[in-house]
Amino acid sequence: QVQLVESGGGLVQAGGSLRLSCAASGRIFSNDAMGWFRQAPGKEREFVAAGRRTGTRLYADSVKGRFTLSRDNAQNTVYLQMNSLKPEDTAVYYCALGARTTTEAHEYGYWGQGTQVTVSS
């Protein structure tokens, strides 16, 4: 089994920054992909960013140039640095782990409990 625990959400003003963390434990493989999705009230869950320990990073068009995904491989932790935040970034952010880097939520087999990010205008 795999456990994912997110932290770092909160309330921030537009233009501000937050860093989300997701610590993974359990049966994790070195080539696993980790990523972030988000879900705003009344909307579908959407892809934000994902990547393996090394190699390609995928980003949603809406966050390119503002969000950066990074990984601490020794700690099995993935981070999402979010800069220049906008009110439309307000959502519950979920960490996910899967076998490959993809934008498709159904490809990820493990999910965290979510952390709320609220951006005020």
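In what follows, residues are counted from 1 in the order of the sequence shown.
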(request) Run the numbers on Leu69 and Tyr59 for side chain to side chain contact (heavy atoms under 4.5 Å, CB included), then give the verdict. (result) CA-CA 9 Å; Leu69 182 140; Tyr59 294 95; 3.8 Å; yes
Heavy-atom pair with the smallest gap, counting every atom of [X] and [Y]:
X: Leu80; Y: Ala49; answer: CD1-CB, 4.1 Å
X: Phe67; Y: Val48; answer: CD2-CG1, 3.8 Å
X: Leu4; Y: Leu97; answer: CD1-N, 3.8 Å
X: Gly35; Y: Tyr108; answer: N-CE2, 4.5 Å
X: Ala14; Y: Ser121; answer: CB-CA, 4.4 Å
X: Met82; Y: Leu20; answer: CE-CG, 3.7 Å

(request) Report yes or no: do Val63 and Met34 belong to one cluster of Ile/Leu/Val/Met/Phe/Trp/Tyr joined by side chain heavy-atom distances under 4.5 Å? (result) yes
Treating [X] as the side-chain partner and [Y] as the backbone partner, does any N or O pair qualify as donor plus acceptor under 3.5 Å?
X: Arg66; Y: Ser84; answer: yes
X: Arg71; Y: Gly51; answer: yes
X: Arg19; Y: Gln81; answer: no
X: Thr115; Y: Gly9; answer: yes
X: Glu6; Y: Cys95; answer: yes

Check the side chains of [Y] and [X] for a donor-acceptor pair under 3.5 angstrom, ignoring hydrogens and angles.
X: Arg38; Y: Tyr93; result: yes
X: Ser25; Y: Gln3; result: yes
X: Thr90; Y: Glu88; result: no
X: Arg53; Y: Asn76; result: yes

(message) Do the side chains of Asp61 and Lys64 get close enough for a salt bridge, i.e. N-O under 4.0 angstrom?
(response) yes
(request) Take Val117 and Leu18 through the test side chain to side chain contact (heavy atoms under 4.5 Å, CB included) and record every step on the way to the result. (result) CA-CA 9 Å; Val117 171; Leu18 282 174; 3.9 Å; yes
Let me confirm one number: the [atom1]-[atom2] distance from [X] to [Y], rounded to the nearest 0.5 Å.
X: Trp36; Y: Cys22; atom1: CH2; atom2: SG; answer: 5.0 Å
X: Asp32; Y: Arg52; atom1: CG; atom2: CZ; answer: 8.0 Å
X: Gln1; Y: Ile28; atom1: CD; atom2: CD1; answer: 11.5 Å

(request) Answer yes if the ring centres of Phe37 and Trp111 are under 6.0 angstrom apart, and no otherwise. (result) yes
(request) Determine whether Leu58 and Thr103 make a side-chain contact, defined as any pair of heavy atoms from C-beta on separated by less than 4.5 Å. (result) yes
